[in-house]
Amino acid sequence: MRWIKKAIGYTGDETQIVVMGQSMGGATAMMVSGLKLPEQVKAFIEDCGYSSVKEEVEYQAGNLFDLPKVIRKPLIKTMSGINRIENGFFLKRASSDKQLRKNTRPFLFIHGGKDHYVPTEMVHQNYAATNAPKFLWIAPLAGHAMSYPMYKNKYRQVIKDFLKNIFVNHCKRLHKRI
């Protein structure tokens, strides 16, 4: 929110903002989407963000460390309790899903089809969570945060089409009202 307000202060009230983030930044963009935002924020783009901290930690405990579920559950519960003490919230409360349900602005979701760090299933959860206009592109062979490096032209085109759809169609709707 501070960056959004700073951008508006720097560029003026007429500015139009698209919030975009990748990986943790994608999760951040989703979390911000559910806040009460200035009208200058027009849309969101997220690339390979997780659906919740708890789900991501559970997944990584198995994927990276090969911990059996019998160990994962109490470990994550303990971590969540420590996080509550240190940061003021349990891991399950850090949910993109909950924030996306509050979002009213257009959203583009991007994810690698071969992402083994943030499982591709999570983008489908995120996509389903928002009722705002939404678009989804899966980069078929891309791993985590590799959609752009592997598909530069397509990535740019998807974003360009999304922005064109948002801003050109928005301008057409405004023109019809005048």
Side-chain angles (χ1 to χ4, degrees), residues 1-59 80 83 87-113 115 117-139 142 144-145 147-148 154-174 176-177:
M1 284 298 290
R2 284 190 295 236
W3 276 110
I4 290 168
K5 289 176 182 175
K6 191 174 194 104
I8 294 167
Y10 184 74
T11 58
D13 288 339
E14 299 302 312
T15 194
Q16 296 182 7
I17 298 170
V18 176
V19 176
M20 181 178 180
Q22 183 182 63
S23 192
M24 181 63 82
T28 301
M30 289 185 282
M31 298 298 274
V32 168
S33 77
L35 300 176
K36 186 175 183 206
L37 297 165
E39 66 182 37
Q40 289 87 349
V41 177
K42 301 300 182 191
F44 292 88
I45 302 170
E46 79 84 21
D47 180 346
C48 67
Y50 55 76
S51 53
S52 81
V53 171
K54 183 176 182 274
E55 287 179 39
E56 181 62 14
V57 170
E58 284 177 357
Y59 175 78
S80 186
N83 192 70
N87 300 310
F89 63 92
F90 292 107
L91 293 180
K92 69 180 179 181
R93 292 208 53 225
S95 167
S96 301
D97 182 81
K98 289 176 186 172
Q99 290 300 95
L100 285 166
R101 291 188 191 289
K102 298 180 214 173
N103 176 47
T104 59
R105 291 168 171 87
F107 218 115
L108 171 59
F109 296 90
I110 299 171
H111 213 96
D115 191 336
Y117 191 76
V118 175
T120 307
E121 304 89 65
M122 287 190 179
V123 75
H124 297 291
Q125 290 173 273
N126 295 333
Y127 182 83
T130 190
N131 295 316
K134 55 191 173 183
F135 307 87
L136 171 64
W137 178 57
I138 306 289
H144 187 67
S147 297
Y148 180 72
K154 177 68 174 174
Y155 194 99
R156 289 177 183 145
Q157 190 62 51
V158 165
I159 290 175
K160 188 176 179 181
D161 291 347
F162 172 71
L163 295 175
K164 183 178 177 183
N165 186 307
I166 299 309
F167 292 109
V168 172
N169 289 341
H170 178 71
C171 289
K172 284 180 185 176
R173 285 191 299 274
L174 285 176
K176 286 180 185 178
R177 281 192 244 155

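As the structure is a prediction and not an experimental result, all values here were calculated from the model.
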With side-chain contact (heavy atoms from CB on, under 4.5 Å) as the criterion, how do Val41 and Gln16 come out once you've worked through the C-alpha distance, each side chain's angles and the decisive distance to 0.1 Å?
CA-CA 6 Å; Val41 177; Gln16 296 182 7; over 6 Å; no
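- Under the side-chain contact (heavy atoms from CB on, under 4.5 Å) criterion, Gln40 pairs with Ile8, Asp13, Thr15, Ile17, Pro38, not counting sequence neighbours.
- With sequence neighbours excluded, no residue forms a salt bridge (charged side-chain N to carboxylate O under 4.0 Å, His left out) with Arg156.
- With hydrogens and angles disregarded, no donor-acceptor distance shorter than 3.5 Å links the side chain of His111 to the backbone of Met122.
- Remark: Tyr117 OH is loosely packed, at most 12 non-hydrogen atoms of other residues, nucleotides or ligands lying under 6.0 Å away.
- Leu100 places none of its side-chain heavy atoms less than 4.5 Å from the side chain of Asn131.
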May I have the step-by-step check of side-chain contact (heavy atoms from CB on, under 4.5 Å) for Tyr50 and Met30, ending in yes or no?
CA-CA 9 Å; Tyr50 55 76; Met30 289 185 282; over 6 Å; no
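- When side chains are defined from C-beta on, Ser147 counts as touching Ile110, because their heavy atoms get closer than 4.5 Å.
- Between Val18 and Phe167, some side-chain heavy-atom pair lies under the 4.5 Å cut-off.
- What you find for Thr120 and Asp115 is that their closest heavy atoms are OG1-N, 3.7 Å.
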If you look only at distance, which donor and acceptor atoms sit under 3.5 Å apart when one is on a side chain in residues 20-28 and the other is two or more places apart or in another chain?
| unit_1 | atom_1 | unit_2 | atom_2 | d |
| --- | --- | --- | --- | --- |
| Gln22 | NE2 | Asp47 | OD2 | 3.3 |
| Ser23 | OG | His144 | NE2 | 2.8 |
| Thr28 | OG1 | Met24 | O | 2.8 |

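- A cation-pi arrangement is found for Lys134 relative to Tyr127, the charged atom lying closer than 6.0 Å to the ring centre and inside a 45° cone about the ring normal.
- Between atom CD of residue Glu46 and atom OG of residue Ser33 there is a gap of 9.5 Å, rounded to the nearest 0.5 Å.
- Proximity of Val19 to Arg105: side-chain heavy atoms (C-beta onward) are nowhere separated by under 4.5 Å.
- Of the residues listed (Phe135, Phe107, Phe44), the one engaging Phe162 in a ring pair (Phe, Tyr, Trp, His ring centres under 6.0 Å) is Phe135, and it is the only one.
- Considering all non-hydrogen atoms of both residues, Pro106 and Ile166 come closest at CB-CD1, 3.1 Å.
- Heavy atoms only, all atoms of each residue included: Pro133 and Thr104 are closest at CD-O, 4.3 Å.
- Val32 is not listed as a side-chain neighbour of Trp3, based on a closest heavy-atom distance of 4.5 Å or more.
- In this structure, the side chain of Asn165 does not engage the main chain of Asp161 through any donor-acceptor pair within 3.5 Å.
- A heavy-atom distance below 4.5 Å is not found between the side chains of Leu35 and Lys102.
- Residues Thr130 and Phe109 form a side-chain contact, since some pair of their non-hydrogen atoms from C-beta on lies under 4.5 Å apart.
- Between Gln99 and Met31, the shortest heavy-atom contact is NE2-O, 2.9 Å.
- Of all the heavy atoms in Ala129 and Asp97, the pair that sits closest is CB-OD1, 3.1 Å.
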Which is it for Gln157 and Lys160 under the side-chain hydrogen bond (donor to acceptor under 3.5 Å, both in side chains) test, yes or no, and what are the steps along the way?
CA-CA 5 Å; Gln157 190 62 51; Lys160 188 176 179 181; 4.9 Å; no
